[in-house]
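The block underneath contains the structure these notes are about, expressed in structure tokens.
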Amino acid sequence: MPELPEVEVVRRGLARWVTGRRVEGVEVLHPRPVRRHLAGSADLVARLLGARVDDAVRRGKYLWLPLDTGEALLAHLGMSGQMLLQPPDADDERHLRVRVRFGDRERELRFVDQRMFGGVSVVGLEPTPDGLPAGTGGEGTPSEPVLPHEVAHIARDPLDPYLDAAALTARIRLRRTGIKRALLDQGLVSGVGNIYADEALWRARLHYARPTETLNRPEVARLLDAVRAVMLEALGQGGTSFDALYIDVNGDSGYFDRSLAVYGRNGQPCPRCGSIVRRDPFMNRSSYTCPGCQPRPRRARW
DNA sequence: CGAAGCCCCTGTTCGC
DNA sequence: TGCGAACAGGGGCTTC
């Protein structure tokens, strides 16, 4: 799925366009992507009609549009979700699931999702436990200190200015698991998926199966710096796109895939030491490592 | 509480 | 060419 940088690219595109616009029409074309809206699609439509969008906010891979009704349109892109801003006369996409029309008729918001792991719902907002802004919003302005209940269990992400890095480091070191599993745990730190986990581990020269309790504080700090750095670089290049499944609100691909050191580069040389990158099965997925830079620890855990 | 496995979907690619 | 298996960037839920 799109990970943090890709979702942030989408958030920025939405913030620029939909903020201040009022919903005039909503069409749900498939029930599955609205399954998390338990009251049903008719209720979802009713709550959106006439509402004005006030912002676009993101925490980790979750994205929501606060409305002037006090609720928010919550979205998760899952593995293949897209938020597109299209001219209303553009042909419907093959996997178009939800359409939101605005008063001005210039563009409409389309939720497109092939695999339908993602979805949208209309949710209430509640105060953040710490009273701090919930995540990344606006045009450089902090978001309001409220977030959807559905996002309350999601930790702050590496690009969140209010992330407590010292506390996160301590929590990681208290875990009893492999470091990559910890990185992928959205309740510990959010926004990191398979691609950026592998890239950050490579940059920090750590193997994915390093037991968390064997990492010292500087090692964890180095890893978190690497996560931040790789995400910022990806953001600067519009995110990572392997195919047409991840694109921004205008349908354009990012090009960070050209900068990936190990992810998806099985059999190719490590850009740092030349060793051949390997792919290992990991949690029903894959992990890519450089055997030279990231030797497997004697005591491995995953 | 934390850790780990299962499952939800569709489409493409790969190997036989 | 045909077909089944493997695989694809996630996360909620259940169980232990």
Side-chain angles (χ1 to χ4, degrees), chain A residues 1-10 29-38 58-63 74-82 93-97 111-121 123 148-155 157 170-201 208-209 211-213 227 230-231 234-235 237-248 253-257 259-260 262-267 279-288 301-302:
Chain A
M1 105 143 205
E3 302 183 32
L4 187 153
E6 293 75 39
V7 180
E8 175 60 13
V9 170
V10 171
L29 294 100
H30 196 294
R32 180 141 186 92
V34 299
R35 67 193 178 282
R36 302 243 170 240
H37 192 91
L38 299 178
R58 181 191 55 72
R59 173 181 285 204
K61 305 170 198 173
Y62 277 89
L63 183 63
L74 176 65
H76 195 290
L77 303 181
M79 297 278 265
S80 54
Q82 304 169 352
E93 291 74 12
R94 180 172 174 195
H95 302 293
L96 176 62
R97 310 303 186 190
F111 181 73
V112 176
D113 191 3
Q114 177 198 105
R115 295 176 66 186
M116 297 188 289
F117 280 21
V120 297
S121 55
V123 299
H149 182 252
E150 290 77 0
V151 186
H153 67 292
I154 299 295
D157 62 61
R171 283 191 72 194
I172 288 174
R173 298 180 67 229
L174 284 170
R175 284 292 174 101
R176 290 293 178 269
T177 189
I179 185 58
K180 183 172 172 182
R181 276 186 181 274
L183 274 186
L184 295 178
D185 184 340
Q186 307 295 301
L188 205 47
V189 58
S190 69
V192 186
N194 211 30
I195 297 178
Y196 296 106
D198 279 3
E199 291 297 308
L201 287 165
Y208 61 84
T212 44
E213 71 269 28
V227 173
V230 70
M231 285 185 164
L235 192 50
Q237 294 177 39
T240 303
S241 308
F242 296 117
D243 49 39
L245 278 190
Y246 165 68
I247 49 181
D248 69 12
S253 295
Y255 48 93
F256 190 68
D257 61 310
S259 306
L260 296 174
V262 288
Y263 188 85
R265 301 191 73 246
N266 193 24
R279 170 189 171 275
D280 297 325
F282 177 85
M283 292 170 75
N284 289 323
R285 266 182 255 170
S286 304
S287 271
Y288 297 89
R301 174 183 271 164
W302 68 94

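Throughout, protein chains are lettered first and strands after them, A, B, ... in sequence-line order, and every chain is numbered starting at 1.
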Expressed as a whole number of angstroms, how long is the span from [X]:[atom1] to [N]:[atom2]?
{"X": "A/N194", "N": "C/dC7", "atom1": "CG", "atom2": "C1'", "result": "12 Å"}
{"X": "A/L174", "N": "B/dA3", "atom1": "CG", "atom2": "P", "result": "10 Å"}
{"X": "A/L183", "N": "C/dG11", "atom1": "CG", "atom2": "P", "result": "13 Å"}
{"X": "A/D113", "N": "C/dA8", "atom1": "CG", "atom2": "P", "result": "18 Å"}
{"X": "A/R301", "N": "B/dG2", "atom1": "CZ", "atom2": "P", "result": "15 Å"}
{"X": "A/D198", "N": "C/dG10", "atom1": "CG", "atom2": "P", "result": "10 Å"}
{"X": "A/I179", "N": "B/dA3", "atom1": "CD1", "atom2": "C1'", "result": "15 Å"}
{"X": "A/L184", "N": "C/dG10", "atom1": "CG", "atom2": "P", "result": "7 Å"}

Between A/N284 and A/D185, name the one whose nearest nucleotide on DNA chain B is closer to the 5' end. A/D185
On DNA chain B, nearest-nucleotide positions of A/M283 versus A/R171: which is more 5'? A/R171
Watson-Crick or G-U stems of DNA chain C, 3 or more pairs, under 3.5 Å, by first number: B:2-8 with C:10-16, B:10-16 with C:2-8
Suppose we screen for ring-ring contact (aromatic ring centres under 6.0 Å, His included). Which residues come up paired with [X], at least two apart in sequence or across chains?
{"X": "A/F256", "value": "none"}
{"X": "A/F242", "value": "A/Y263"}
{"X": "A/Y62", "value": "A/H76"}
{"X": "A/F282", "value": "A/Y208"}

So what does A/R285 hit on the nucleic acid, given a heavy-atom distance under 4.0 Å: a base, only sugar-phosphate, or nothing? base
Contact class for A/Y196 (heavy atom, under 4.0 Å): base, sugar-phosphate, or nothing? nothing
For the CZ atom of A/R265 and the CD atom of A/E199, what is their distance to the nearest 0.5 Å? 9.0 Å
Could you give the distance from CD (A/Q186) to CG (A/L188), rounded to the nearest 0.5 Å? 9.5 Å
Of all residues at least two apart in sequence or in a different chain, which pass the side-chain hydrogen bond (donor to acceptor under 3.5 Å, both in side chains) check with A/R301? A/E213
List the residues meeting side-chain hydrogen bond (donor to acceptor under 3.5 Å, both in side chains) with A/T240, not counting sequence neighbours, and say none if there are none. A/Y196
It should be established whether A/S286 places a side-chain nitrogen or oxygen under 4.0 Å from OP1 or OP2 of nucleotide C/dA8. yes
Is the distance from OP1 or OP2 of C/dC7 to the nearest side-chain N or O of A/R279 less than 4.0 Å? yes
Residues in side chain to side chain contact (heavy atoms under 4.5 Å, CB included) contact with [X], at least two apart in sequence or another chain:
{"X": "A/R279", "answer": "A/N266, A/S286, A/Y288"}
{"X": "A/H95", "answer": "A/R97, A/V112, A/Q114"}
{"X": "A/S241", "answer": "A/Y246, A/S253"}

Tightest non-hydrogen contact, residues A/S190 and A/G60, listed as OG-CA, 3.2 Å
Say we look at B/dC9 and C/dT14: how far apart would their P atoms be, to the nearest angstrom? 16 Å
Protein-nucleotides 12-16 of chain C N/O pairs closer than 3.5 Å?
unit_1 : atom_1 : unit_2 : atom_2 : d
C/dG12 : OP1    : A/Y62  : OH     : 2.1
C/dG12 : OP2    : A/H153 : NE2    : 3.1

What does the B/S/- profile of nucleotides 9-16 of chain B look like, 5' to 3', with a 4.0 Å heavy-atom cutoff to protein? BBS-----
